[in-house]
Amino acid sequence: MFNEKAVVSDILKGNMRSFELLVNQYERLVFYVVHRIVSRAEDMEDICQEVFIKVHKSLNSFQFQSKLSTWIARIAYLTAVNHVRKYKNELIADYPDGFENFHFTNDNPEVLLTQKDTSAYINQLIAQLPVQYRTVLTLYHLNEFSCAEIEEITGMPEGTVKSNLFRARKMLKEKIQTDLKNESI
Amino acid sequence: MKDWNDEELQRMLEQGKLPLEEGEDLEAYELLFKALKKGPEVGLSRNFAANVVARVQGKASRRDVVKFYLLALGIIAVASIGVYTIFMRINQHAASWLTNSIASYKWALVFLLVSVFVIQYVDRKVVKRMA
């Protein structure tokens, strides 16, 4: 059983074995968050390492006012967003004003659908969504954070989190429906 | 047969309460919710945690080395000022002889000091690369 308080207190005393335990415990959470925001696979490992280095550096400022996972997810989210801003490669392709104009590209996903690899097909569709949508979908469904916790992590108001979640799922559902019809599966 | 809207369907799927009626919307949503629960196929390397620990320890030891050099420089500076002050009090002639000697060998002293730091730096780089 992972005891947050005991592990944090051990790390603050300089115990690196406890820090390794913490990394093992949260590496999947960090990877999921970073993976949805940063698309360059070669940057992923470095960014995740950077997240944990930041966690180690600022652990003494963590006051247990939120869950440790929420705090680490926030560091992961901000690190990934800063990385993308720094290299200006992904956020630019997003739709800051009118998500109504958003449309999926029509090449790769259908091929995957015909191969019946539904999960890979849907992941391809998610990867095409604006970053705000990708983030809330991942934090909510994969990391199982509540909307209030997602607000804490991303800084988006809870109402926006809920509406992004709803719209993202609706857009994906409509695309899946169209593709299912086209493929008559 | 009731026509569920998107909001209702999403809420029911979140709560795990599936409506009895089938429909295209429900079918698509079911596929979607199932896929959303699955993580990406790829992941981090197996020794990720060990690599992070090594990087944190590396940073800490670099910090220690910088602290050590700063401390050494501080001690040398304080000791030099101390020795010079003592010389000034005991024998002013000896003090001026000392400053003149240092001034005439200043480039040799600078070279010696820079060499020590360069050797230490190169040594650390080589050791790091070989590790």
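These numbers come from a predicted model, not from an experiment. Protein chains get the first letters and strands the later ones, always in sequence-line order, with residue 1 at the start of each.
With values rounded to the nearest 0.5 angstrom, A/Leu137 atom CG is found 7.5 Å from B/Leu32 atom CG. Here the CZ atom belonging to A/Arg167 is positioned 13.0 Å from the CG atom belonging to B/Asp6, to the nearest 0.5 angstrom. Between A/Met44 atom CE and B/Ser45 atom OG the span is 12.5 Å, to the nearest 0.5 Å. We find the CG-OH distance between A/Leu172 and B/Tyr29 to be 9.0 Å, quoted to the nearest 0.5 Å.
Under a hydrophobic clustering in which Ile, Leu, Val, Met, Phe, Trp and Tyr are joined whenever their side-chain heavy atoms come within less than 4.5 Å, directly or via other members, A/Phe2 and A/Val23 fall into the same cluster. Grouping the Ile, Leu, Val, Met, Phe, Trp and Tyr side chains by contacts below 4.5 angstrom, directly or via other members, places B/Leu73 apart from B/Leu109. Hydrophobic clustering keeps B/Tyr121 apart from B/Leu112 (ILVMFWY residues linked when any side-chain heavy atoms are closer than 4.5 Å, directly or through intermediates). The cluster map of Ile, Leu, Val, Met, Phe, Trp and Tyr, joined by side-chain heavy atoms under 4.5 Å apart, puts A/Ile53 and B/Val66 in different clusters. Tracing side-chain contacts under 4.5 Å through hydrophobic residues (I, L, V, M, F, W, Y), one never reaches B/Val116 starting from B/Phe111; they form parts of separate clusters.
The heavy-atom pair separating B/Phe48 from A/Gln49 by the smallest distance is CE1-CG, 3.5 Å. In this structure, B/Ala49 and A/Glu20 approach most closely via the heavy-atom pair CB-CG, 3.8 Å. Taking each heavy atom of A/Phe31 and B/Pro40 in turn, the nearest pair found is CE2-CG, 3.8 Å. Nearest heavy-atom pair, A/Ser119 versus B/Ala35, reported as atom, atom and distance to 0.1 Å: CA-CB, 4.2 Å. Of all the heavy atoms in B/Leu36 and A/Leu142, the pair that sits closest is O-CD1, 3.5 Å.
Contact annotation: the side chain of B/Val56 never approaches that of A/Phe52 to less than 4.5 Å [non-hydrogen atoms, C-beta and beyond]. Side-chain contact between A/Cys48 and B/Val52 is absent, with no heavy-atom pair separated by less than 4.5 Å. The shortest side-chain heavy-atom distance between A/Arg17 and B/Val53 does not fall under the 4.5 Å cut-off.
B/Tyr105 OH: 12 or fewer foreign heavy atoms inside a 6.0 Å radius. Within a 6.0 Å sphere centred on CD of B/Gln15, heavy atoms belonging to other residues, nucleotides or ligands number more than 12. Counting non-hydrogen atoms of other residues, nucleotides and ligands closer than 6.0 Å to CZ of B/Phe117 gives a total above 12.
Looking only at heavy-atom pairs under 4.5 Å with chain B, the residue among A/Phe19, A/Tyr32, A/Phe166 that has the most is A/Phe166. Most heavy-atom pairs under 4.5 Å with chain A: of the set B/Lys38, B/Arg55, B/Glu7, this distinction falls to B/Arg55. Put simply, of A/His141, A/Lys173, A/His56, A/Gln177, the one with the most heavy-atom pairs under 4.5 Å next to chain B is A/Lys173.
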Could you check A/Lys57 against B/Lys59 for side-chain contact (heavy atoms from CB on, under 4.5 Å), going step by step and ending with a plain yes or no? CA-CA 11 Å; A/Lys57 203 174 159 189; B/Lys59 277 196 171 205; over 6 Å; no
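Ionic pairing of A/Glu144 and B/Lys37 is present here: one or more N-O contacts between side-chain nitrogen and carboxylate oxygen are shorter than 4.0 angstrom. Classification of B/Glu14 and A/Arg169 as a salt-bridged pair holds, one side-chain N sitting under 4.0 Å from a carboxylate O.
Heavy-atom distances place no part of B/Lys34 under 4.5 Å from chain A, backbone and side chain included. Contacts of B/Ala60 with chain A are absent, with no heavy-atom separation under 4.5 Å from either backbone or side chain.
The backbone N or O of B/Leu44 lies less than 3.5 Å from no partner atom in the side chain of A/Glu45, so there is not a single donor-acceptor pair.
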